[in-house]
Amino acid sequence: MMPTATAKPSTQTAPWTKKDLLGLRELSAGEIRLLLQTAESFREISLRPIKKVPTLRGKTVVNLFFEPSTRTRTSFELAAKRLSADIVNIATQSSSLSKGETILDTVKNLEALKVDVLVIRHAAAGVPHLIARHATSSVINAGDGSHEHPTQALLDLFTIQERKGRLEGLNVSIIGDIAHSRVARSDIWGLTKLGARVTVCGPPTLMPPQIEQLGAPGAGGAGVRVTHNVDAAIRDADVLMLLRIQHERQESMLVPSLREYRLRYGIDRDRLKGAKPGLLIMHPGPVNRGVELDSAVADGPFSVILDQVTNGLAVRMAVLYLVSGAPKGDEDEG
Amino acid sequence: MATLLITGGHVIDPVNKRDGRYDILIDRGVIADVQPSIPLNGAKAIDAGGRLVLPGFVDLHTHLRQPGHEDKETIETGARAAIRGGFTAVCAMPNTTPAMDHRGVVDEVRQEARRVGLAAVHPIGAITRGRQGKELTDFGELFDAGCVALSDDGSAVADSFLMRRALEYAKLFGRPLIQHAEDPALSAGGVMHEGLVSTTLGLRGIPAEAESVIVARDLALAELTGSWIHLAHLSSAKSVDLIRQAKRRGIRVTCEVTPHHLALTHEAVGEFDARAKVNPPLRTEEDRQALIEALADGTIDCIATDHAPHTDWEKEADFDSAPFGISGLETALAVCVAALIAPKRLTWSQLVERLSAAPAKIAGIDGGSLNPGAPADVVLVDPAAAWTVDPKQFLSKGHHSPFAGRPLTGRVARVIARGREIDDV
Ligand SMILES: [Zn+2]
């Protein structure tokens, strides 16, 4: 069954020709819009009493997770099931690969079983790219190290568009550990390509060098705005995206302590007093309550954190559908 | 061993300021005569056919991996790769297993190199036992065993006190300590240059300062002790600036740069291409230009390959897990032609000097010139030969190169090592 895309006059899509979805950096604005429109048409399926369509019947999807992630894995699993694909979950700690056995050995074994789509999560950046170079099946990046997490960013874009009706011209501030965030990178590419203005905010230790040069050229020039001042990041924002601060950051001297981080960058009601009306609070989860985000805000009226989870399903259905439909044997790097 | 007469070649011998048509007579393994024309007189003629005739290249920085890592390289495969690249002598780095930190290992390496009989192999001993950076090795024993320098290459001697003592004690021997300049605390976990590409790819960066901090410290220690420091594989403009100033002040410092740092930048990492993963990392275009300039003005003394072979499966891993290193012996000359000769940054004579005489002088070995009486290490180069890099064809066991698929110009056509013609170049 073909999902019917409801094209809005201002949005131009591009046809999907890629074998893989490795990141948003290499996608055009038209390809991203197509993904979002396709997700829009799939969202309604989850509202039916029988939440299943036969679109990918006979296809096999493998969740190959080298790093644990219940949320993303579950979301992909349900997305595949609602499209009637067969899904296999493989959770491997890369450290437990027996000595001498490589990631590529694992993948070649799976390919010998004639699977169609590999959904890859790995703690090291570039693993999905390595696999995509050697695999004939489609590869979907479900998060690689600090590099990209394209389906998370797509669901972020989808959620903002759903709430605000547009992305163009919106101010989106991403606050937290930008240096180690794959979500931040994918969001920067996705948002700037669709015309939003992005500000990244965090302490200098969590800001990677030359981050201001990332992102598509926009009306105000290329790249993103960088500030270390959280109030400045909140002031004009239509959307705040908070990132999880991990405890390891304290150990590696990137922040003196989580308490110090909370005092400087944690978002609570007080801090939001001067914010724009209709501000959206987003978080890729899981939330570190009381560190980057106060519970009252996480569960408050501005928060769309659970919408993000719901929309993740539709977005992942769209991605599975599009990469499965693309012609195979494409030798080009996606 | 036949008497050989190389005729009809364009000789470039910077030490003797020769750059033109000469014949070279080789007898009993040494250069017997160099004249505009030499009669054959029963010698075996080698028609150079207008090719360049150069002193054999000397590599100050080669990882031969034996003993301990024979799956990556052996002395035999490494020496073959060296000859194909025009290197008639290589200096073998001590990060073997066990490390070359005592006479037994050094003897073993030299013995195997003599058995193989291709490129001459000059061992570099370790500065500290097991390259652990804790206690000094027995320098005297290592130099007596034939080491030409000492280095903990693979890692730096991080402890400033130990480095000071090492430099001081090394003065007894008049030979350099070679520093792999990398502050381990600043580079920890890093896999490529810290900059826009690492930020884009989400990879952990190694700042240029991880190198320049140690360069600055070692220059200060060399000044303090009056000892000789040689800085390996420079990668950054900052290091080069420090060394330029230090040389002006008369500090006893020499240094080297690799062909890959002269030819490539961090952009070569592309989409996580581990073939471009090397330590120190490929840096920015500004750094690359500074390295070329420093090589041209003499701040950088010589070119060294840092040939660092690994197995195919190791290099096919993801970027974080793949080991650092480029298999560089067989592409060195052509990469230098592309980076230095083609854009007219160096003349052929300058390039030859930095590949032969300059490293030979630092290593303190006989070679790098076509002096009568010198060992007959001679390389015939076809400067216009066009070829495409195919690492599968390498003689080295390391079949990985960031230059794979690149069309290059300039190829070693023939090699004579200590008077012996080597086939299969
Ligand atoms: Zn080194």
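Each chain gets a letter, A, B and so on, in the order its sequence line appears, and its residues count up from 1. Quantities reported herein were computed from a predicted structural model and do not represent experimental measurements. Only heavy atoms go into these numbers, but all of them, side chains included; no hydrogens, no water, no symmetry mates.
Heavy-atom distances place no part of A:Arg182 under 4.5 Å from chain B, backbone and side chain included. With a 4.5 angstrom heavy-atom cutoff, A:Ile211 touches chain B via backbone and side-chain atoms both. Neither the backbone nor the side chain of B:Glu314 comes within less than 4.5 Å of any heavy atom of chain A.
Partners of B:Asp241 under the side-chain contact (heavy atoms from CB on, under 4.5 Å) rule, at least two apart in sequence or in another chain, are B:Arg244. B:Asp153 is linked by a side chain to side chain donor-acceptor pair (under 3.5 Å) to B:His61, B:His63, B:His180, B:His233, counting only residues two or more places apart in sequence or in another chain. Remark: B:Asp218 pairs with no residue by the salt bridge (charged side-chain N to carboxylate O under 4.0 Å, His left out) rule, at least two apart or across chains.
A salt bridge does not link B:Glu211 to B:Lys238: none of the charged side-chain nitrogens sits closer than 4.0 Å to a carboxylate oxygen. Taking a cutoff of 4.0 Å between a charged side-chain nitrogen and a carboxylate oxygen, A:Arg121 and A:Glu67 qualify as a salt bridge.
The stretch residues 277-291 of chain B places none of its residues near chain A, where near means some heavy atom under 4.5 Å from a heavy atom of that chain.
In terms of heavy-atom pairs under 4.5 angstrom with chain A, the leader among B:Gly195, B:Ala274, B:Gly205, B:Pro207 is B:Gly195. For chain A, the option among B:Asp273, B:Leu201, B:Leu203 with the highest count of heavy-atom pairs below 4.5 Å is B:Leu201.
The backbone N or O of B:Thr311 lies less than 3.5 Å from no partner atom in the side chain of B:Lys397, so there is not a single donor-acceptor pair.
Between A:His129 and A:His147, the gap from one ring centroid to the other is short of 6.0 Å.
A cation-pi arrangement is not found for A:Arg73 relative to A:Phe65, the charged atom failing to lie both closer than 6.0 Å to the ring centre and inside a 45° cone about the ring normal.
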